[in-house]
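Presented below is the structure to which this report refers.
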Amino acid sequence: MISYFLRRLLGSIPLLLGILTLIFFIINIAPGDPTARYFNPNISPEVIAQMRTNLGLDQPIHIRYFKWLGSFAQGDFGYSFGQLRPISEILPTVLWNTLQLMIVAVVMIFILGMLIGIVQAVRQYSVVDNVLTFFALFFYSMPSFWLALMLILIFSLKASQWGWPIQFPASQMTSVGYEFFSTGERITDRFMHMILPALALGVGGAAGIARYMRGSMLEVIHQDYIRTARAKGLSERIVIFKHALRNALIPIVTLLGLYLPILLSGSVLVETIFAWPGMGRLIVDAIFQRDYPLVMATSFIAAGLVVVGNLVADVLYAVVDPRIRTE
Amino acid sequence: MAHAARVVRVSNGRMKAGCFADRRFLSGTRGALAGGLLFLTACGGGRAAPPVDPTGPPRPGGTAVVAVLADMSIPLAIVAQSVLDGNLGGDVMYMALVAGAWEEGRLVFHTAEDNPLAMARSYEYFGPDSTSLRFRMRSDLLWSDGAPITAGDIAYTYGILDAPALASPVQHYKEFIDSVTVVNDSTVDFHFSRRYPEMLSHTALQPLPAHIFQGTAPGELRNHPTIRNPEDGQLVVSGPYMIGSWQRGQSVTLVRNPNFRPAGLLDQVVFRVIPDPTTRLVELQTGRIDLLTGITHDQVPALRTGAPNVRLEREEKRFYDYIGYNPRGFEPFADREVRRALGLAIDVPGLLAALQMEEFAVPAGGPYAPIFRDLFDPVGQAPLPWDPAEARRILESKGWGDSNSDGILDRNGEPFAFTLVTNAGNQRRADVSQIIQRQWREVGIDVRLQQLETNTLSDNLNRRDFQSALFGWSVGLTPDLYPLWGAGTPFNFTSYENPEVTALIEMARTQRTEEAAADYWRSAASAIVADQPYTWLFYLDQIDGVSNRLQGTRIDTYGPYQRLWEWWVTDAPAAEQGAEVASGAGAAQ
């Protein structure tokens with residue numbers, strides 16, 4: 001198992017390098033320029049030329065590539081053109097901000113999704129099943145950015161206008177004056193800021209998991225061993241949660257790893273709408289500003305997450321299914 | 001520095017006191033979480049509905065929250081990158097020898113007599129042909145770290161301004177400045193290579209503290225420790241507020257500069273980064289922010305009906321949208337009569353009515369907005385009338401007819417068809433381009449619409465790789481037409497060149513005073529309008545939403561952040577309460 005894991009990790013290095021090389025050339029060849037932020041008639045072309053020299057953009061693209069590769073191989077992500085500071089200072093904070101959001105979203109996706117899926121499977125073709133199917137498809141097909149805006153309009157704007165007792169903030173991770181709050185107030189404040197973006201990021205996924213779970217459970221509860229368990233006189237609760245659920249979980253758990261890159265891509269829009277200072281927003285800003293070093297660094301993280309996600313999926317598959325381990 | 005920390009503690013105490021007061025109403029049987037949640041609706045997430053008394057006297061204390069689109073990049077005006085850099089560096093954190101303002105349709109510069117943001121008590125022209133300017137500075141000025149502000153700081157700043165490694169975007173300020181000499185600590189002379197109208201404005205750069213940066217190479221200025229970590233007052237400033245904290249990508253919190261007089265009324269001004277326009281608007285409507293600049297016209301109805309505590313203010317006619325024609329991309333655009341016909345075929349008033357923009361925009365006719373008292377010429381720069389019949393007649397006279405009766409004009413077998421490109425993500429321009437497409441279609445012109453990401457579009461414009469473009473400029477407050485209309489200048493996207501205009505621009509730039517130059521600028525503008533390299537569409541107001549909680553703002557054509565030290569909030573604690581809270585907070589720590 002460990003050697004398999006290591007093999008996969010080593011195998012991902014050329015894959016990552018290929019992805020990053022491709023991105024390097026695409027973003028550098030793409031129209032636009034980091035100095036476009038100085039799109040101002042009063043700034044002379046000489047100043048723009050000097051800025052390009054200062055940023056190293058006056059060198060041929062292949063030279064820039066090898067320079068970037070050399071630094072990258074030494075663990076140096078470079079210097080952000082837009083934020084004017086080393087990328088190694090930027091990444092840890094934004095990555096942690098996004099991970100917080102993703103962790104909450106993943107927990108919500110799997111707990112909510114699995115519960116709904118189980119109920120639907122157990123109550124197949126009932127009114128409950130049909131209603132839940134309707135809502136699951138409704139949320140599954142809803143774009144996350146639209147859901148984000150609707151959540152803001154309802155739970156922040158309308159809640160405020162209609163005087164609801166609970167109103168959610170529409171932006172950022174904390175309130176103004178957060179640094180002066182007590183510990184309890186801080187926890188509550190973070191929680192309140194987390195709810196809407198986590199919902200926007202996770203509801204669609206939960207609906208998807210519910211569909212998978214329903215299908216998986218239905219497949220399992222029609223198996224002979226479930227009939228046997230019921231014939232033995234076991235309670236329905238034990239039959240469902242002990243005998244059926246374990247096997248039904250196998251395909252679901254593997255989705256956990258695959259959801260990491262999906263959530264990261266979803267966070268691009270959700271973080272922008274909720275002004276959440278995470279990786280998603282950083283990627284968008286970096287691309288729009290043609291902040292090449294930051295684009296490369298964030299692409300590396302994103303590509304790494306995809307690779308790790310796939311690895312996690314494979315490992316989890318082996319963990320939940322002993323047959324895989326044996327093989 | 002010590003004072004800065006005290007300021008933060010004061011606001012700490014005030015904030016807690018306010019929140020706890022709200023919380024007492026929630027005590028009793030409610031659970032901790034419910035109490036916490038409700039508490040947040042009142043304090044953390046936003047604020048309790050404030051007692052609005054805008055008619056009362058200004059009160060010190062409290063925090064104002066401003067929403068901004070993008071974060072600060074670098075807190076120095078002379079190397080500003082982002083809009084917030086320019087606003088904070090130019091109007092809030094740094095003084096200048098003279099302070100700008102917009103008065104009676106022209107940009108003026110005040111001395112310390114009229115504006116405490118000005119360092120100079122007076123100035124005078126002297127020397128041969130009055131090519132030198134002498135400034136007598138206030139002698140009581142201090143940087144935020146307590147060091148005196150002297151003429152040496154001015155000389156240092158102008159000394160490094162044109163260093164190539166600095167690559168300052170305001171390097172052109174020094175174009176005609178030969179030298180800056182220190183007469184004594186409070187007197188500084190500027191010597192120019194010639195007398196010209198913008199001499200004074202080019203001395204209005206925000207000086208840097210020489211005692212902090214003197215040993216740093218200009219190319220390394222951006223990496224100076226106080227620039228990289230300006231929090232807690234580390235960044236030495238001269239203006240009314242300095243940086244208390246900076247959470248990258250989230251917010252910049254300004255606190256009072258203890259050495260600026262008059263002291264700012266607000267304890268803190270927080271600039272929160274909220275990229276999405278809908279979210280920004282919701283935060284204004286729910287009272288979580290106090291000032292939002294750049295509200296789009298289609299957001300105004302929602303504010304008027306759903307946010308009674310928000311007032312709308314305007315920065316008048318600070319932007320214009322235009323269509324630029326590139327003869328290199330589409331040869332028929334080389335004929336000015338054809339360009340004029342295209343303009344005549346557009347019903348700008350109808351367009352503004354259709355988009356419900358009439359309240360915030362007026363049809364445009366030329367490069368000077370109507371706000372310029374001395375430069376706008378209502379005759380020479382009048383908007384084109386809507387006259388499709390005349391447009392057709394002109395095009396027919398140029399050989400364009402519908403030979404195959406397909407509804408599209410053609411000449412020598414070539415249809416009158418081209419691409420109109422604009423930037424993606426701007427709903428106003430997307431709407432305008434569709435309306436214009438339809439109006440042009442009615443006179444037989446076939447236009448393909450294209451939207452490009454802004455950075456890509458600007459690259460195409462720079463390379464002159466487009467046929468026609470719907471784009472916009474902000475209205476500069478100085479009259480110089482050269483950057484946009486000078487022959488061969490980078491931003492002359494339409495490659496416009498008219499020897500008469502070139503001569504007029506040169507004449508205007510070499511006049512001694514603005515008054516003398518105004519005639520030439522007007523003539524140059526009229527000549528440009530006659531050539532119609534653009535179809536000017538409309539001048540737009542920038543609309544800013546201000547919560548009634550925030551008072552003392554002065555928003556006009558010059559901008560939203562003027563005289564920030566006069567801002568105050570209606571729910572600021574009274575002075576004696578503030579003192580109590582301050583002492584309480586101090587004791588607690």
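Letters A, B, ... mirror the listed sequences (proteins, then strands); counts begin at 1.
- Heavy atoms closer than 4.5 Å to chain B are found in both the backbone and the side chain of A/Leu157.
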Exercise. Kindly indicate, with the supporting measurements, whether the criterion side-chain hydrogen bond (donor to acceptor under 3.5 Å, both in side chains) is fulfilled by B/Thr456 and A/Arg290.
Key: CA-CA 10 Å; B/Thr456 304; A/Arg290 301 294 189 275; 3.2 Å; yes

Quiz prompt | Worked check of side chain to side chain contact (heavy atoms under 4.5 Å, CB included) between A/Phe39 and B/Asn455 | solution = CA-CA 9 Å; A/Phe39 199 70; B/Asn455 204 318; over 6 Å; no

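- Proximity to chain A is limited to the side chain of B/Leu461, based on heavy atoms less than 4.5 angstrom apart.
- Of the atoms belonging to B/Tyr173, not a single heavy atom falls under 4.5 Å from chain A.
- A donor atom on one side chain and an acceptor atom on the other are not found under 3.5 Å apart for B/Ser73 and A/Arg85.
- The heavy-atom pair separating B/Ala167 from A/Gln50 by the smallest distance is CB-CG, 3.8 Å.
- Interatomic distance, OG1 of A/Thr174 versus CD of B/Gln247, reported as 5.5 Å (0.5 Å rounding).
- For A/Asn40, the part lying near chain B is the backbone, with the side chain staying farther off; criterion is any non-hydrogen pair under 4.5 Å.
- The two residues A/Ser156 and B/Thr286 have their closest heavy-atom pair at O-CG2, 3.6 Å.
- The two residues A/Phe288 and B/Glu453 have their closest heavy-atom pair at CD2-OE2, 3.4 Å.
- Taken from OG in B/Ser82 to CD in A/Gln289, the straight-line distance is 9.0 Å, to the nearest 0.5 Å.
- Contact annotation for A/Ile187: neither backbone nor side-chain heavy atoms come within less than 4.5 Å of a heavy atom of chain B.
- Of all non-hydrogen atoms in B/Leu484 and A/Pro41, the two that sit nearest each other are CD2-CG, 3.8 Å.
- B/Asp480 does not touch chain A: none of its heavy atoms, backbone or side chain, sits under 4.5 Å away.
- A/Phe180 contributes atom CZ, which lies 7.5 Å from atom OG1 of B/Thr63 (distance to the nearest 0.5 angstrom).
- Of the N and O atoms on the side chains of B/Arg248 and A/Gln83, not one donor lies less than 3.5 Å from an acceptor on the other residue.
- Nearest heavy atoms, B/Gly249 versus A/Arg281: O-NH2, 2.7 Å.
- Chain B forms more heavy-atom pairs under 4.5 Å with one residue of A/Ile48, A/Ile90, A/Ile273 than with any other, namely A/Ile273.
- The closest donor-acceptor contact from the side chain of A/Asn54 to the backbone of B/Ala165 lies under 3.5 Å.
- Using modelled atom types, no side-chain atom of B/Asp276 and backbone atom of A/Ala275 make a donor-acceptor pair closer than 3.5 Å.
- Of the atoms belonging to A/Phe81, it is backbone heavy atoms, and not side-chain ones, that fall under 4.5 Å from chain B.
- No other option in A/Ser44, A/Gly82, A/Ala30 has as many heavy-atom pairs under 4.5 Å with chain B as A/Gly82.
- By number of non-hydrogen pairs under 4.5 angstrom with chain A, the leading residue of B/Thr489, B/Val83, B/Leu452, B/Asn223 is B/Asn223.
- Most heavy-atom pairs under 4.5 Å with chain A, from the set B/Ala307, B/Ala80, B/Pro164, B/Ala67: that is B/Pro164.
- Residue contact with chain A, scored on non-hydrogen atoms closer than 4.5 Å, involves the backbone and the side chain of B/Gln81 alike.
- Neither the backbone nor the side chain of A/Glu46 comes within contact range of chain B; no heavy atom of the residue lies under 4.5 Å from a heavy atom of that chain.
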Exercise. Give the intermediate values and the outcome of side chain to side chain contact (heavy atoms under 4.5 Å, CB included) for residues B/Gln285 and A/Gln161.
Key: CA-CA 9 Å; B/Gln285 288 175 287; A/Gln161 290 175 342; 4.1 Å; yes

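- Neither the backbone nor the side chain of B/Thr478 comes within contact range of chain A; no heavy atom of the residue lies under 4.5 Å from a heavy atom of that chain.
- The shortest non-hydrogen separation linking A/Tyr38 to B/Phe491 is O-CZ, 4.4 Å.
- Each of B/Arg272, B/Glu283, B/Arg288 was scored for a side-chain hydrogen bond (donor to acceptor under 3.5 Å, both in side chains) with A/Gln172, with one residue passing: B/Arg272.
- Ranked by heavy-atom pairs under 4.5 Å with chain B, the list A/Leu282, A/Leu84, A/Ile152, A/Asn97 is led by A/Leu84.
- Both the backbone and the side chain of B/Val273 come within contact range of chain A, judged by heavy atoms closer than 4.5 Å.
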